[in-house]
Amino acid sequence: MISVRRAAALALPLALSTTVLVGSAGAADPPASVEAPAPGTCWNLTYEQAAKGTYTGVPVACTESHTVETVITLEVPKGMAAEGNDSRELVAWLDPQCQTEVNRYAGISDPETTAPGTRTWYFWFTPTQKDWKAGNHWVSCAAGSVPVSMNKGPRTVPVTNSIANSPGRNKERTFKTDAYGLGRYIARKPLTDMAANTYPGTTGLQKIAWKFCKKTVGSDKYFWYGPSEKEWYQGWTAIQCYATGKK
């Protein structure tokens, strides 16, 4: 049983395009109404474009080449929304929900704990700060198509059919280390109930990781990664479990 800690590779959010308001002369402009794309909307975005949180360009048919597919819109609670569109509280709240919803959308049997795969790497998007302040308080969760290997840098991979209901096409992602060999990304556990606490450090994370990873992997042949202190205070709390050896 091996324990290690490494910064998680997660998509960082920025903003959606700004909506221009047009009002009558001399009258106050009404609040902007900015809606997220409907579930099943497909986009041909690079990883860099998707990681910025902006739906660039126009949607494409899911039967055409695309890399990202909108899954669900989450309405942000009022109190949390008051903290802005990139707060620690918001990230800790959406992280477990987005991955679970993407997994469920793709037909994954254990959506709450299964790690993101080649068609279920999730991205998330919010309105701009201006639109957020105007009352648009939502998060859009989307599934991304990415390579099997996690060692060649983040990128998206085009597919020509919907990510939805295609569990057979979704593959486990792998990560190769010099010390521990090749690991298959099996499960993740966001520590949502601890997110507001002080960073627990490697020792604190390890106790949880050993118990969770051994149970989900089903053996002692695994290694794990957890969030860095910086990531923890940004709201990212998930422990990642990698199985070693053959299935």
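Basis for what follows: all heavy atoms, side chains included, without hydrogens, waters or symmetry-related copies.
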Criterion side-chain contact (heavy atoms from CB on, under 4.5 Å) on T156 and L45, from CA distance to verdict:
CA-CA 8 Å; T156 51; L45 305 176; 5.9 Å; no
Evaluate the criterion side-chain contact (heavy atoms from CB on, under 4.5 Å) for residue pair L205 and Y199; output intermediate values, then yes/no.
CA-CA 9 Å; L205 292 172; Y199 181 60; 3.9 Å; yes
Partner of W224 under side chain to side chain contact (heavy atoms under 4.5 Å, CB included), chosen from W210, Y242, F212:
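Exactly one option meets the side chain to side chain contact (heavy atoms under 4.5 Å, CB included) with W224, and it is W210.
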Is [X] reaching over with its side chain to a backbone N or O of [Y], donor-acceptor style, under 3.5 angstrom?
{"X": "T114", "Y": "D110", "result": "yes"}
{"X": "T244", "Y": "K221", "result": "yes"}
{"X": "Q99", "Y": "P96", "result": "no"}
{"X": "H137", "Y": "W132", "result": "yes"}
{"X": "T174", "Y": "Y185", "result": "no"}
{"X": "W232", "Y": "N197", "result": "yes"}
{"X": "N161", "Y": "T63", "result": "no"}

Give me the ring orientation class for F175 and Y225: parallel if the planes are under 30° apart, tilted from 30 to 60°, perpendicular past 60°.
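Perpendicular.
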When rounded to the nearest 0.5 angstrom, what distance separates [atom1] in [X] from [atom2] in [Y]?
{"X": "T203", "Y": "I208", "atom1": "OG1", "atom2": "CD1", "value": "11.5 Å"}
{"X": "H66", "Y": "T160", "atom1": "NE2", "atom2": "OG1", "value": "8.0 Å"}
{"X": "L74", "Y": "W93", "atom1": "CG", "atom2": "CH2", "value": "4.5 Å"}
{"X": "Q206", "Y": "I239", "atom1": "CD", "atom2": "CD1", "value": "10.0 Å"}
{"X": "T237", "Y": "M194", "atom1": "OG1", "atom2": "CE", "value": "8.5 Å"}
{"X": "K211", "Y": "K207", "atom1": "NZ", "atom2": "NZ", "value": "12.5 Å"}

N-O pairing of R188 and D95 below 4.0 Å:
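Salt bridge present between R188 and D95.
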Given the rule in the side-chain hydrogen bond (donor to acceptor under 3.5 Å, both in side chains) test, do T67 and W43 qualify, once you have shown the distances and angles that lead to the verdict?
CA-CA 6 Å; T67 57; W43 309 84; over 6 Å; no
Is the closest side-chain donor-acceptor distance between [X] and [Y] under 3.5 Å?
{"X": "T41", "Y": "E69", "answer": "no"}
{"X": "Q49", "Y": "Y47", "answer": "no"}
{"X": "N103", "Y": "T100", "answer": "no"}
{"X": "W138", "Y": "T126", "answer": "no"}
{"X": "E101", "Y": "Y122", "answer": "no"}

So, for [X] and [Y], which heavy atoms are closest and what is the spacing to 0.1 Å?
{"X": "R173", "Y": "T118", "result": "CG-N, 4.0 Å"}
{"X": "P127", "Y": "N85", "result": "O-ND2, 3.0 Å"}
{"X": "C98", "Y": "W124", "result": "SG-CB, 4.2 Å"}
{"X": "D131", "Y": "N136", "result": "O-ND2, 2.9 Å"}
{"X": "A142", "Y": "V68", "result": "CB-CG1, 3.7 Å"}
{"X": "C213", "Y": "Q240", "result": "SG-O, 4.3 Å"}

If you take the centroid of each ring, where Trp contributes its six-membered ring, are Y180 and F223 closer together than 6.0 Å?
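For F223 and Y180, the ring centres are under 6.0 Å apart.
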Evaluate whether atom CD of E112 has more than 12 neighbouring non-hydrogen atoms of other residues, nucleotides or ligands under 6.0 angstrom away.
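Count not over threshold, so no.
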Side-chain heavy atoms nearer than 4.5 Å, only ILVMFWY residues, links allowed to pass through others: does that put [X] and [Y] together?
{"X": "I72", "Y": "M80", "value": "yes"}
{"X": "V148", "Y": "V159", "value": "no"}
{"X": "V71", "Y": "V91", "value": "yes"}

Inter- and intrachain pairs under disulfide (SG to SG under 2.5 Å), touching residues 58-95, at least two apart
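Sorted result for residues 58-95: C42-C62.
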Can you check whether Q234 reaches R88 side chain to side chain, under 4.5 Å on heavy atoms?
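Contact flag for Q234/R88 side chains = no.
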Do L182 and T177 have side chains that approach each other closer than 4.5 Å (heavy atoms only, starting at C-beta)?
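Sidechains of T177 and L182: no contact.
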Start with the C-alpha distance between I108 and N170, add both sets of side-chain angles, then the distance that settles side-chain contact (heavy atoms from CB on, under 4.5 Å), and finish with yes or no.
CA-CA 9 Å; I108 305 301; N170 190 61; 3.8 Å; yes
Might you work through the side-chain contact (heavy atoms from CB on, under 4.5 Å) test for F123 and V102, ending with a clear yes or no?
CA-CA 9 Å; F123 296 98; V102 166; over 6 Å; no
